[in-house]
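Below you'll find the structure, written out as structure tokens, and then a few comments.
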Amino acid sequence: MSETHDATSVNHGRAGETEEGSRAGYPFRALEECAQRRWSEAHLFELGDPMAAEKRFYCLNMFPYPSGDLHVGHGRNYILGDAIARLKRMQGYTVLSPMGWDAFGLPAENAAILNQIHPAIWTKRNIARMKEQFHAWGVGFDWTREISSCDPEYYRWTQWLFLKFYEKGLAYRAKGAVNWCSSCQTVLANEQVEAGACERCGTAVVMRDLEQWYFKITAYADSLLDDLSLLREWPEKVRVMQANWIGRSEGASIRFAVAGEAAPIEVFTTRPDTLLGATYLAVAAEHPLVVRLREQGKLQADAEAFLDRLKRARVENRFAIETEKEGYDTGVRVTHPLTGSPLPVWISNYVLMGYGTGAIMAVPAHDQRDFEFATKYGIPIVEVVRPGSGDGFAGSAAFEGEGRMVNSGSFDGLATEEGKRAVTDALTAKGAGESRVNFRLRDWLISRQRYWGAPIPMIHCETCGVVPVPEKDLPVVLPDQVAFKPTGESPLVTNKAFLNVPCPKCSGSARRETDTIDTFVDSSWYFMRFLSPRLETAPFDSDAVNRWLPVNQYIGGVEHAILHLLYSRFIVKVLRDLGFISFGEPFERLFTQGMITKDGNKMSKSKGNVVAPDTLIQRYGADTVRLYTLFIGPPEKDAEWNDRGVEGAYRFLTRYWKMIEDVPVTQPVSQVAAAPGSGPFSIGFAATGPARDLRRRVHQLTQQICDDMDRFHLNTAVSGLMQLVNSVQDYLAAGGDPAAVEVREAAEIATRLLAPLAPHTAEGAWEVLGHTKSVALASWPSPAAEALESATKSLVVQVNGKLRAHVLVPAGADQETIRRTALADEKIAMMTEGKKVAQVIVVPGRLVNIVLE
RNA sequence: GGGCGAGUGGCGGAAUUGGCAGACGCACGGCGCUUAAGACGCCGUGUCCGUAAGGACGUGUGGGUUCGAUUCCCACCUCGCCCCCCA
């Protein structure tokens, strides 16, 4: 800690030296420079040896994609995290608050294509710019631990992760349907598809089958779902979203034998009890049966036209509320597993290949979609469930409720739950099905035909097949020299030196995998790398990681509620099962902050409503921007930015600074109070009078602000601080003694409470108050019990629930005293005169309610 | 269609467990300071009636529970977000 610095530095230059000569204010610029120099010299934000820390707090903001300029909406995230980190530090924790860059990704590559600038240079430039902005905000990260996912020393371990997954059979290669733009000749992420068209060129996107790499996240579906219950300190909303995404449902798997085919059609249903009501099967256009029929030329000519139309419509209508159901009878017949009767197989657009098996048994009487389809195409409808009371299937709509089975032979009379079991048992006995749990979650497609990502560390050998790159050869370095113009293959194909390598197994000629790893993999483990960012022998130091994780507080946008947070949980679980770490969840407490809007819209460059922090910081100072950002509303909710509101925050800081300057410089209260033998009152706090009232008020507000901070109610913590400063001003305006020790104490408490929120100003104020150590390391205040004490208590008196009077009673008065005092009140006595009092409710410490008959 | 939120002054919002609705700030109005403007300071500011004292009403709508409801329950309306033919 630096103890020697120029104590007068912050007093130079009073306000007003900004562009607006008339503006009163405070010397925020000098304060910022002084405070930031001080933090940096003291290495305040640096963790040092992670194993040395006893009381630990890992506070993490989601690392950003370095897209360039940050706006005030981004700032909210980091200011919030910084405030929490600073709070925890003052509360005595050793805090780890690192920052890094999710630096691989598409925008860099698009910039390369558009502006002829290499993604690496573009990314580096943006990182430098954003780092400057973090500094300008006074956000304190441990920059000695900075990481960037596009550095070979980082992505080497992303590749290592891939190899470990591959070894355990959790990474595999398979054919899959992907979004394809025929004009750009490239695969698109779902996010890049806008209204069915390529976001860049507007060409209609089509689905195309490609060999892709997958991570087997479905193997962890159960534990990802079950462990959500351990995440008590996550927002309910996020847990629900993840549970829905995983989408567990119980039912049965049923196989229908296909006439003339060896492979049966397998369907999943949650209502096996309705099996006897099934009158047809429907399959998705991409279903293997359809593919097979096409290959064998068994489809009529009009079928091709139908499939083509479906495919196009699927893409175009992906955002439509409801699409008209369409079908095509394949002519194929399957056998009902229980009755043996033939059922037609239709292709329909309402069956999705991405869910279940891509085939359904259709029960028109008991599923609305099937009902609409059967009605349209004249397919028979058979009622098999009848409710105990109320209306069942009536012919105008499907009945989807529960009841007793009918028209189902020996199953008739069974209730829905019994029926499900009985039918499933019958199927199992025949070898035509069994009970089954189905998940909506699909395996994670991680290959990208893109340049700016970590190369998948695999080699394709003509003789040995797919061979992993040996661990010792990592990283597989991404070459600089490639052609960026999209061709349908990864740009890496264009670099022959990269592409052609000897096979690690047989040394024969082989080709590198040219796809890169989805950047979501990069960001699924970075929080562990921060503990040992330069380690060259492993992705992370297991001891340090086991000591510091799970992350105590994770902060980020709710838009990551599903993918990033689910993937991170998955990777952590796998690493635990592989024995690398000892914990199974990455983030103990999650906070998802709301968006900042402007004119009712999300801030974005395209909308032109971005509020840049730079000019605001220039004009009002970083602390004003920080304070307003926190004051704008509850951090978890969206909030509307209002430039006028910034003025209010500035005015407050100016008033606060004036208060600090007006406090006579004597010894700091904390030092006097720490003198031997001095009790709380021995340094001269008044026992009664305005100074006593001020002190009580200050400590009440301290209590409120401490609670608010702990509960993330930073908006009300700011308002509490405003009230604290106001109460000192009111005291002085009423003729209170500025030299009173209560004023000094208030100034000191206010400064420490302000330190996490407006750190530069608080740092300077602390110095003005005569302290030599940084306020960032001062102890967090707590209210003094004796300061909160009061001889009397004001209670509310209601008559019939309506506020009528206030009465003053001695603190701790018993119910009878309170009751008598209330009834004796002049106004209350008038109101109750001549009326019968039916009841008197006394809530000690709060109110009295007199109920008249 | 399903899930999750949210509806409080002119605006952002406050109200730990059911207990003084509108804290704090913005904006606005008045006054002071100023030649003036700005900045700053003081006062006022939910609606209606009233000169005032005071009173009535009031947290999306309707009902309920309660001595007491912004808070709990039921129904409805509106808005936002997410997943969307999930079998």
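First the proteins, then the strands, lettered A, B, ... as listed; each starts at 1.
Looking only at atom types and distance, the side chain of A:Thr817 has a donor-acceptor partner in the side chain of A:Asp814 under 3.5 Å away. Residues A:Tyr350 and A:Asp370 bring a donor and an acceptor atom of their side chains to less than 3.5 Å of each other. Using modelled atom types and a 3.5 Å distance limit, the side chains of A:Gln704 and A:Asp708 yield a donor-acceptor pair.
B:A6 and B:A87 are spaced 27 Å apart, taking the P atom of each and rounding to whole Å. Comparing the C1' positions of B:G3 and B:C67 gives a spacing of 38 Å, expressed to the nearest Å. Using atom C1' as the reference point in both B:C24 and B:G13, the two lie 9 Å apart (nearest Å). B:G46 and B:C11 have their P atoms separated by 14 Å, with the value rounded to a whole Å. For the P atoms, the distance linking B:U70 with B:C57 amounts to 13 Å, nearest Å. On the C1' atoms, B:G58 is 7 Å away from B:U47, given to the nearest whole Å. Between B:A69 and B:G60, the distance separating the two P atoms is 15 Å to the nearest Å. Nucleotides B:A75 and B:C84 have their C1' atoms positioned 27 Å apart, rounded to a whole Å.
Between A:Leu757 atom CG and B:C24 atom C1' there is a gap of 14 Å when expressed in whole angstrom units. What separates CD of A:Glu250 from C1' of B:A87 is a distance of 15 Å, to the nearest Å. With rounding to whole Å, A:Tyr656 atom OH is found 17 Å from B:G25 atom P. Rounded to a whole Å, the CG atom of A:Asn800 is 16 Å from the C1' atom of B:A69.
Checking the phosphate oxygens (OP1, OP2) of B:C84, a side-chain nitrogen or oxygen of A:Arg440 falls inside 4.0 Å.
Every side chain to side chain contact (heavy atoms under 4.5 Å, CB included) that A:Lys827 has, sequence neighbours left out, goes to A:Asp825. Every ring pair (Phe, Tyr, Trp, His ring centres under 6.0 Å) that A:Trp444 has, sequence neighbours left out, goes to A:Phe215, A:Tyr567. Here A:Arg239 pairs with A:Glu236 under the side chain to side chain donor-acceptor pair (under 3.5 Å) rule; sequence neighbours left out. Partners of A:Leu808 under the side chain to side chain contact (heavy atoms under 4.5 Å, CB included) rule, at least two apart in sequence or in another chain, are A:Thr792, A:Ser794. With sequence neighbours left out, the side chain to side chain contact (heavy atoms under 4.5 Å, CB included) criterion links A:Gln815 to A:Val842, A:Pro844. Applying the ring pair (Phe, Tyr, Trp, His ring centres under 6.0 Å) test to A:Phe439 and every residue at least two apart in sequence or in another chain returns nothing. Annotation: side chain to side chain donor-acceptor pair (under 3.5 Å) contacts of A:Glu434 (sequence neighbours excluded): A:Arg255.
Across all strands shown, B:G32 forms a Watson-Crick or G-U wobble pair with B:C40, both key distances being under 3.5 Å. Of all nucleotides present, only B:G60 satisfies the Watson-Crick or G-U wobble test against B:C76, with each distance under 3.5 Å. If you check B:C81 for Watson-Crick or wobble pairing at under 3.5 angstrom, you find it paired to B:G3. Taking a pair to require two hydrogen-bonding distances under 3.5 Å in either a Watson-Crick or a G-U wobble arrangement, B:U65 remains unpaired. Using N1 to N3 plus N6-O4 or O6-N4 for Watson-Crick, or N1-O2 and O6-N3 for G-U wobble, each under 3.5 Å, B:C26 pairs with B:G10. The nucleotide B:A52 finds no pairing partner, because no Watson-Crick or G-U wobble arrangement with both distances shorter than 3.5 Å includes it.
B:G9 adopts a syn glycosidic conformation, its chi angle falling within 90° of 0.
Relative to the ring axis of A:Trp234, A:Arg589 does not place its NZ or CZ within 45° and under 6.0 Å from the centre.
Atom CD of A:Glu816 has more than 12 heavy atoms from other residues, nucleotides or ligands within 6.0 Å.
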Enumerate the protein-to-nucleotides 18-20 of chain B contacts in which both atoms are nitrogen or oxygen and the separation is below 3.5 Å.
from, atom 1, to, atom 2, distance (Å)
B:G19, N2, A:Gln798, OE1, 3.3

For nucleotides 26-33 of chain B, print each protein N/O atom paired with a nucleotide N/O atom at under 3.5 Å, atom names and distance only.
from, atom 1, to, atom 2, distance (Å)
B:C26, OP1, A:Arg651, NE, 2.9
B:C26, OP1, A:Arg651, NH2, 2.7
B:A27, OP1, A:Arg644, NH1, 3.3
B:A27, OP2, A:Arg651, NH2, 3.2

Are any protein N/O atoms closer than 3.5 Å to N/O atoms in nucleotides 12-16 of chain B? If there are, list each pair with its distance.
from, atom 1, to, atom 2, distance (Å)
B:G12, O2', A:Ile632, O, 2.8
B:A14, OP1, A:Asn715, ND2, 3.1
B:U16, O2, A:Arg711, NE, 3.1
B:U16, O2, A:Arg711, NH1, 2.7
B:U16, O2, A:Arg711, NH2, 3.1
B:U16, O4, A:Asp707, OD2, 3.1

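Taking the side chain of A:Gln723 as heavy atoms from C-beta on, and the options B:C67, B:C24, B:C85, the nearest nucleotide is B:C24. Distances were taken from every side-chain heavy atom of A:Arg655 (C-beta onward) to each of B:C67, B:C85, B:G41; the shortest belongs to B:G41.
In this structure, A:Lys237 and A:Val851 both approach RNA chain B, and ranking their closest nucleotides by distance from the 5' end singles out A:Lys237. Remark on RNA chain B: of its neighbouring residues A:Gly354 and A:Val718, the 5'-side contact belongs to A:Val718, judged by nearest-heavy-atom nucleotide.
Residues from residues 265-276 of chain A with heavy atoms under 4.0 angstrom of RNA chain B, sorted by number: A:Phe268, A:Thr269, A:Thr270. Contacts between residues 239-249 of chain A and RNA chain B, counted as heavy-atom distances below 4.0 Å, involve A:Val240, A:Met241, A:Asn244.
In terms of polar N and O atoms assigned as donor or acceptor, the side chain of A:Lys325 comes within less than 3.5 Å of the base of B:C85 in a complementary pairing.
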Run A:Ile347 and A:Phe306 through side-chain contact (heavy atoms from CB on, under 4.5 Å) and show every step you take. CA-CA 9 Å; A:Ile347 301 170; A:Phe306 172 77; 4.0 Å; yes

CA sep, side-chain torsions, deciding dist, call: A:Phe652, A:Leu754, side-chain contact (heavy atoms from CB on, under 4.5 Å): CA-CA 12 Å; A:Phe652 162 68; A:Leu754 188 66; 4.3 Å; yes

Could you give me the CA-CA distance, side-chain angles and deciding distance for A:Arg271 and A:Asp367, then say whether salt bridge (charged side-chain N to carboxylate O under 4.0 Å, His left out) is met? CA-CA 10 Å; A:Arg271 292 293 298 271; A:Asp367 181 288; over 6 Å; no

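Taking CG from A:Leu757 and CG from A:Leu627, the interatomic distance works out to 6.5 Å, rounded to the nearest 0.5 Å.
Ring to ring, A:Tyr280 and A:Phe373 are close: their centroids are under 6.0 angstrom apart. Centroid-to-centroid, the aromatic rings of A:Trp346 and A:Tyr377 come within less than 6.0 Å.
At a threshold of 4.0 Å, the pair A:Arg697-A:Asp693 does not count as salt-bridged, since none of the basic side-chain nitrogens sits closer than that to a carboxylate oxygen.
Using a 4.0 Å heavy-atom cutoff across all strands shown, A:Arg804 reaches sugar-phosphate atoms only and no base atom.
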